[in-house]
Amino acid sequence: MGLPELLLLAVGLAMDAFAVSVCKGLSTGRLTPKEYLACGIWFGGFQGLMPLIGYLVGENFEKYISMIAPWVAFALLSLIGGNMIREALSPEEEVSPGFDIRTMFMMAVATSIDALAVGITFVALPVTVFAASNMTNVIFAVAVISVITFFISMLGVGIGSVFGDRYKTGAEIMGGIILILIGIRTLVTYLISRGV
């Protein structure tokens with residue numbers, strides 16, 4: 001896998017994080033630079049960490065990881081999405097902006113779980129950007145994936161924020177539905193690939 005393929009892969013992996021970031025911006029409204037950075041760091045960090053873990057785990061556990069990853073992503077995204085819908089429909093109260101460590105951790109894991117499998121493919125389909133060791137190329141690939149996701153997530157939360165003030169309740173419901181649909185898509189894609 002060369003640099004052009006790596007860049008396309010990084011953008012593709014960042015799309016779930018982008019969708020979730022848009023939802024975060026929609027449900028939050030006006031954002032501070034700290035919240036932009038929080039989305040970028042959490043999503044970019046996990047999107048880079050997961051392929052590295054996948055690569056280190058290697059071929060021996062590929063079968064088991066690919067079996068549970070879609071279920072974990074489905075469960076986490078459905079839980080977060082359902083909670084967003086519940087909060088949108090509940091009476092007005094002091095609403096947490098949703099950038100707490102627990103929420104961001106769950107979202108970052110849920111949106112980057114497919115990157116774990118990508119890391120495993122680095123074992124079978126090595127990254128060859130430099131004439132260097134496999135590990136050097138994997139670290140470069142992880143950095144590229146992380147940086148691209150960082151910026152795409154910040155863009156997503158900004159886009160969501162522009163529309164959030166006017167359509168807050170509807171946006172939270174839509175955001176929750178989007179998260180649930182991403183989880184369902186992950187699970188259905190997995191089941192179809194298994195011929196279920």
Side-chain angles (χ1 to χ4, degrees), residues 1-25 33-77 80 99 101-159 179 182-183 185-187 189-190 193:
M1 177 183 309
L3 186 59
E5 294 88 359
L6 176 60
L7 292 173
L8 287 173
L9 174 69
V11 171
L13 286 175
M15 287 300 102
D16 281 353
F18 174 77
V20 172
S21 295
V22 169
C23 295
K24 294 298 289 176
K34 179 181 172 185
E35 290 157 338
Y36 281 95
L37 284 173
C39 272
I41 290 169
W42 276 101
F43 295 135
F46 271 81
Q47 207 68 261
L49 178 65
M50 289 299 207
L52 181 60
I53 291 170
Y55 176 77
L56 294 175
V57 167
E59 292 177 316
N60 295 333
F61 299 102
E62 178 181 4
K63 183 175 121 181
Y64 303 110
I65 291 170
S66 63
M67 284 173 21
I68 65 165
W71 294 98
V72 171
F74 169 72
L76 288 174
L77 289 170
I80 295 164
F99 287 88
I101 291 173
R102 182 174 173 265
T103 301
M104 292 306 293
F105 174 78
M106 287 175 58
M107 287 185 161
V109 169
T111 57
S112 65
I113 205 94
D114 55 344
L116 191 65
V118 167
I120 292 169
T121 66
F122 288 166
V123 174
L125 181 66
V127 178
T128 55
V129 176
F130 303 110
S133 70
N134 281 349
M135 188 53 129
T136 302
N137 279 291
V138 167
I139 290 172
F140 176 75
V142 163
V144 167
I145 291 167
S146 189
V147 168
I148 286 176
T149 304
F150 174 85
F151 286 112
I152 286 177
S153 298
M154 287 179 61
L155 175 66
V157 80
I159 289 170
L179 292 181
I182 291 171
R185 184 201 71 193
T186 302
L187 189 58
T189 302
Y190 166 74
S193 73

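A donor-acceptor distance shorter than 3.5 angstrom exists from the side chain of Ser21 to the backbone of Ala17, with no hydrogens or angles considered. Ser133 places a side-chain N or O within donor-acceptor distance of the main-chain N or O of Thr136, the cut-off being under 3.5 Å.
By the 4.5 Å heavy-atom criterion applied to side chains, Phe99 and Trp42 are not counted as neighbours.
The OG1 atom of Thr128 sits 11.5 Å away from the CZ atom of Phe140 when rounded to the nearest 0.5 Å. Of the inter-residue distances, the one linking Ile53 atom CD1 with Ser112 atom OG reads 8.5 Å to the nearest 0.5 angstrom. Taking CE of Met15 as the reference point, atom CG of Leu13 lies at 9.5 Å (rounded to 0.5 Å). In this structure, CG in Leu116 is found 10.5 Å from CG in Leu52, a value given to the nearest 0.5 Å. We find the OG1-CZ distance between Thr149 and Phe46 to be 13.0 Å, quoted to the nearest 0.5 Å.
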Go through it in stages, so that I can follow the logic: the residues are Met50 and Val142, the test is side chain to side chain contact (heavy atoms under 4.5 Å, CB included), and I'd like the CA-CA distance, side-chain angles, deciding distance and then a yes or no.
CA-CA 9 Å; Met50 289 299 207; Val142 163; over 6 Å; no
Walk me through whether Tyr55 and Met135 qualify under side chain to side chain contact (heavy atoms under 4.5 Å, CB included).
CA-CA 9 Å; Tyr55 176 77; Met135 188 53 129; 4.0 Å; yes
Would you sort out whether Gln47 and Ser146 count as a side chain to side chain contact (heavy atoms under 4.5 Å, CB included), showing the intermediate values?
CA-CA 6 Å; Gln47 207 68 261; Ser146 189; 5.9 Å; no
Would Met104 and Ile41 count as a side chain to side chain contact (heavy atoms under 4.5 Å, CB included) if you check the C-alpha gap in whole Å, the side-chain angles of each, and the deciding distance to 0.1 Å?
CA-CA 10 Å; Met104 292 306 293; Ile41 290 169; over 6 Å; no
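The heavy-atom pair separating Gly2 from Val129 by the smallest distance is C-CG2, 4.2 Å. Annotation for Asn137 and Ala132: closest pair ND2-O, 3.5 Å, computed over non-hydrogen atoms.
For Phe150 and Phe43, the ring centers sit 6.0 Å or farther from each other.
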